[in-house]
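Working notes, beginning with the structure itself.
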Amino acid sequence: MTGLSYYPMWHGDFNKLSSTNKALRSNFSRAKVYLAETAYYWDRNQKGYTNLPSPKTPQGRYDLLKALTPVVRDAGGSGIFAWGSYWLQSSKWLIAPGWSDDDASRRSMSDDNARATIGIDGLN
């Protein structure tokens with residue numbers, strides 16, 4: 001089993017993810033390949049990332065996950081896991097040397113009131 005990471009704000013479009021997944025499946029045909037961590041903003045963020053594949057909105061996150069699913073599947077991937085899907089109000093608890101909070105809670109599957117956003121349906 002192998003797990004890959006993919007974050008559109010850092011890794012760009014789906015092409016590299018797809019080719020990496022296909023290469024792993026080709027070289028290790030019996031191994032399952034998972035997209036073990038991915039996340040996307042459902043709201044504004046402090047870093048101001050640009051050139052993103054969809055808007056930083058709940059619908060944008062849903063659209064990205066819906067578009068990502070066939071990319072992973074068609075490249076032979078076995079599944080997708082959302083990273084930090086439960087993170088809420090990260091500014092109150094995130095303490096990591098050398099890393100300032102970049103609104104990690106804005107990449108969760110829930111809003112600030114712990115209600116699931118539409119993005120969660122993008123994993124179906």
Side-chain angles (χ1 to χ4, degrees):
M1 183 181 313
T2 299
L4 300 175
S5 297
Y6 171 71
Y7 295 92
M9 58 277 210
W10 301 315
H11 301 133
D13 63 26
F14 297 150
N15 293 327
K16 196 170 196 178
L17 171 65
S18 180
S19 63
T20 300
N21 200 9
K22 286 178 182 177
L24 285 168
R25 293 289 297 135
S26 174
N27 291 320
F28 305 101
S29 60
R30 293 186 345 207
K32 291 188 175 201
V33 179
Y34 290 90
L35 182 54
E37 61 175 273
T38 189
Y40 193 73
Y41 291 99
W42 57 265
D43 196 6
R44 70 197 178 285
N45 65 76
Q46 293 173 359
K47 297 291 183 184
Y49 297 112
T50 58
N51 298 322
L52 297 173
S54 59
K56 294 177 279 188
T57 64
Q59 184 67 47
R61 178 171 183 154
Y62 170 86
D63 293 344
L64 178 96
L65 290 171
K66 287 306 265 190
L68 185 59
T69 299
V71 170
V72 171
R73 182 181 52 242
D74 293 349
S78 297
I80 299 173
F81 295 89
W83 182 258
S85 60
Y86 52 88
W87 288 358
L88 301 172
Q89 300 175 341
S90 57
S91 62
K92 295 181 180 180
W93 57 263
L94 180 63
I95 301 169
W99 182 37
S100 62
D101 181 18
D102 62 346
D103 289 330
S105 63
R106 298 289 185 245
R107 297 189 305 256
S108 71
M109 288 292 188
S110 302
D111 64 19
D112 290 334
N113 296 310
R115 290 181 303 230
T117 66
I118 190 175
I120 201 165
D121 292 331
L123 290 172
N124 289 332

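Numbers here simply count residues along the sequence, with the first being 1. Scope of the values below: all heavy atoms of this structure, side chains included, with no hydrogens, waters or symmetry mates.
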Inset, instruction - Could you tell me whether the side chain of Y6 and the main chain of G12 form a donor-acceptor pair under 3.5 Å? - result: yes
Can you name the nearest heavy-atom pair linking [X] to [Y], along with the distance?
X: G3; Y: A36; answer: CA-CB, 3.8 Å
X: S78; Y: K32; answer: OG-CB, 3.5 Å
X: A75; Y: N21; answer: CB-ND2, 3.6 Å

Legend entry - Sequence neighbours excluded - salt bridge (charged side-chain N to carboxylate O under 4.0 Å, His left out) pairs with any residue from residues 76-88: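 For residues 76-88, and leaving out neighbouring residues, there are no salt bridge (charged side-chain N to carboxylate O under 4.0 Å, His left out) pairs at all.
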So, using side chain to side chain donor-acceptor pair (under 3.5 Å) as the criterion, who are the partners of [X] when residues are at least two apart?
X: S5; answer: E37
X: R115; answer: D111
X: N15; answer: D13
X: D121; answer: none

Legend entry - Between CZ on residue R25 and OG1 on residue T2, distance to nearest 0.5 Å: 9.5 Å
Inset, instruction - Kindly compute the distance separating CG (L35) from CG (L17), expressed to the nearest 0.5 Å. - result: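 The CG atom of L17 is 5.5 Å from CG of L35, to the nearest 0.5 Å.
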Going by the rule side-chain contact (heavy atoms from CB on, under 4.5 Å), which residues pair with [X] if we only count those two or more places apart in sequence or in a different chain?
X: R44; answer: R106
X: V71; answer: F14, S18
X: P55; answer: T57

Same cluster or not: [X] versus [Y], using hydrophobic residues (I, L, V, M, F, W, Y) connected whenever any side-chain heavy atoms lie under 4.5 Å apart?
X: V72; Y: L24; answer: yes
X: W10; Y: W42; answer: no
X: L68; Y: W83; answer: yes

Legend entry - ring-ring contact (aromatic ring centres under 6.0 Å, His included) contacts in which one or both residues fall within residues 16-39, not counting sequence neighbours: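 The answer is Y34-F81.
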Legend entry - Within residues 104-124 or reaching into it, pairs that qualify as ring-ring contact (aromatic ring centres under 6.0 Å, His included) - sequence neighbours excluded: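 Pairs touching residues 104-124 that pass the test: none.
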Please output the side-chain donor-acceptor pairs of residues 58-65 that fall under 3.5 Å, not counting sequence neighbours, one pair per line with the distance.
{"residue": "Q59", "atom": "NE2", "partner": "D63", "partner atom": "OD1", "Å": "2.8"}
{"residue": "R61", "atom": "NH1", "partner": "Y40", "partner atom": "O", "Å": "3.0"}
{"residue": "R61", "atom": "NH1", "partner": "R107", "partner atom": "O", "Å": "2.3"}
{"residue": "R61", "atom": "NH1", "partner": "S108", "partner atom": "O", "Å": "2.8"}
{"residue": "R61", "atom": "NH2", "partner": "R107", "partner atom": "O", "Å": "3.3"}

Inset, instruction - Please examine the side chains of D43 and T117, heavy atoms only from C-beta on, and report whether any two atoms are closer than 4.5 Å. - result: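 Not in contact.
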